[in-house]
Amino acid sequence: MASQETIVNKIISIDTILDVAKYLEDKKAEYERLFADEEMKNQGLPLNSREYQYRQTISPKLEYEITFINNSSLKQSNYNWFISNLENANLIKKISISYTISYENNMESSNRIYKNIHAYIVFSHDSVHISVQGKETEEETYNLHTTIRNMIDNCEDRYNKTVKNRNIRVQSFCLSIGFVLSYILY
């Protein structure tokens, strides 16, 4: 399952970006715990009798990339580094977050199922692009996408009622000036 969308006309605050990053950090930590628990459960068993429900093929990754106004970019996988670089938000042009989980499900060694989840979120000054893809993990992919989408939907609209109703205000102003001028002429 793959889902991609671009969200426009939302005011994305630094707090919202941090909420999305924290959510992905928690999901990454959850999978790391699952992998560690599976390793502990199968540690003393002989190789032919080990049964893994979650066995990591690639270690979970969460990377942050910050692109500045002068088109220089920094990439790091440390959450604290990410938080510290968001202090000068007016110098940031684009923020990208990449999340990858990959594991195999081998209850029977002859029937291995490889599963992965990949999310890529790009925050720019006027839009947010969300891409979530998964193989053999439709429900988890859907939950990840809807949670991130809901976090962004909770943000305030960029063009609120004041801007949307600008034409009505301009027309009201023109009518009032017209009434005043016609009264003076009358």
Side-chain angles (χ1 to χ4, degrees), residues 1-8 10 12 14-67 73-86 92-124 127-155:
M1 178 184 166
S3 59
Q4 295 184 26
E5 67 180 312
T6 301
I7 301 169
V8 294
K10 290 288 186 181
I12 306 298
I14 296 296
D15 292 334
T16 303
I17 295 171
L18 289 175
D19 288 344
V20 170
K22 184 64 177 158
Y23 171 72
L24 292 174
E25 284 284 343
D26 291 343
K27 294 298 283 181
K28 177 185 158 197
E30 177 184 327
Y31 276 101
E32 287 173 340
R33 278 192 303 275
L34 283 172
F35 297 149
D37 289 346
E38 288 291 321
E39 282 297 322
M40 290 297 291
K41 186 172 73 172
N42 291 302
Q43 189 172 15
L45 298 174
L47 288 177
N48 60 355
S49 63
R50 291 183 183 181
E51 292 182 5
Y52 291 94
Q53 186 174 3
Y54 296 97
R55 183 175 185 177
Q56 76 182 28
T57 54
I58 300 172
S59 64
K61 287 192 275 185
L62 184 57
E63 294 181 337
Y64 307 100
E65 182 177 5
I66 299 174
T67 305
S73 64
L74 299 173
K75 195 173 199 176
Q76 190 70 247
S77 59
N78 187 337
Y79 180 71
N80 293 325
W81 171 88
F82 179 64
I83 292 173
S84 66
N85 277 305
L86 290 180
I92 296 174
K93 180 179 178 181
K94 180 175 72 170
I95 296 172
S96 304
I97 302 174
S98 176
Y99 168 78
T100 304
I101 300 292
S102 181
Y103 60 95
E104 68 180 31
N105 213 350
N106 64 347
M107 300 302 257
E108 300 171 10
S109 59
S110 62
N111 253 351
R112 290 189 175 149
I113 300 172
Y114 294 96
K115 298 181 176 188
N116 62 32
I117 302 169
H118 179 72
Y120 187 67
I121 303 121
V122 179
F123 298 95
S124 62
S127 65
V128 177
H129 178 75
I130 304 171
S131 173
V132 180
Q133 301 172 356
K135 180 180 173 190
E136 301 288 334
T137 56
E138 287 80 15
E139 185 176 338
E140 294 173 52
T141 304
Y142 176 77
N143 290 339
L144 184 70
H145 181 264
T146 55
T147 303
I148 293 170
R149 169 68 193 220
N150 289 337
M151 287 179 183
I152 293 169
D153 278 342
N154 288 337
C155 295

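All values derive from a computational prediction rather than experimental measurement.
- By the side chain to side chain donor-acceptor pair (under 3.5 Å) test, Thr67 is found to be paired with no residue, residues two or more places apart in sequence or in another chain being considered.
- To the nearest 0.5 Å, atom CD1 of residue Ile97 and atom CD of residue Glu63 are 11.5 Å apart.
- Looking at Leu24 and Ile148, their side chains come closer than 4.5 Å, going by heavy atoms from C-beta outward.
- Among the candidates Val20, Val122, Ile12, the single residue satisfying the side-chain contact (heavy atoms from CB on, under 4.5 Å) test with Val128 is Ile12.
- Inter-residue side-chain proximity for Leu62 and Tyr79 is flagged as unmet; no heavy-atom pair is nearer than 4.5 Å.
- Atoms CD1 and OG1, on Ile117 and Thr141 in that order, are 5.0 Å from each other to the nearest 0.5 Å.
- For the atom pair Leu144 CG and Glu139 CD, the distance stands at 12.5 Å (nearest 0.5 Å).
- By the 30° and 60° cut-offs, the orientation of the rings of Tyr120 relative to His118 is parallel.
- In this structure, the side chains of Asn116 and Thr100 stay at 4.5 Å or more apart for every pair of heavy atoms.
- Expressed to the nearest 0.5 Å, how far OG of Ser77 lies from NZ of Lys28 amounts to 6.0 Å.
- Atom CD1 in Ile152 sits 4.5 Å away from atom CZ in Phe123 (nearest 0.5 Å).
- The two residues Met151 and Cys155 have their closest heavy-atom pair at O-SG, 3.9 Å.
- The environment of NZ in Lys10 is crowded: more than 12 heavy-atom neighbours from other residues, nucleotides or ligands sit within 6.0 Å.
- Between Phe35 and Pro60 the shortest heavy-atom distance is CE1-CG, 3.7 Å.
- Proximity of Ile101 to Thr137: side-chain heavy atoms (C-beta onward) are nowhere separated by under 4.5 Å.
- Taken from CD1 in Ile7 to NE2 in His129, the straight-line distance is 10.5 Å, to the nearest 0.5 Å.
- Under the rule for a side chain to side chain donor-acceptor pair (under 3.5 Å), the partners of Glu25 that lie at least two apart in sequence or sit in another chain are Tyr64.
- Using a 4.5 Å heavy-atom cutoff, the side chains of Gln133 and Gln4 are in contact.
- Taking the side chain as every heavy atom from C-beta outward, Ile17 and Phe82 approach each other to under 4.5 Å.
- Legend: residues meeting salt bridge (charged side-chain N to carboxylate O under 4.0 Å, His left out) with Asp26, ordered by chain and number and at least two apart, are Lys22.
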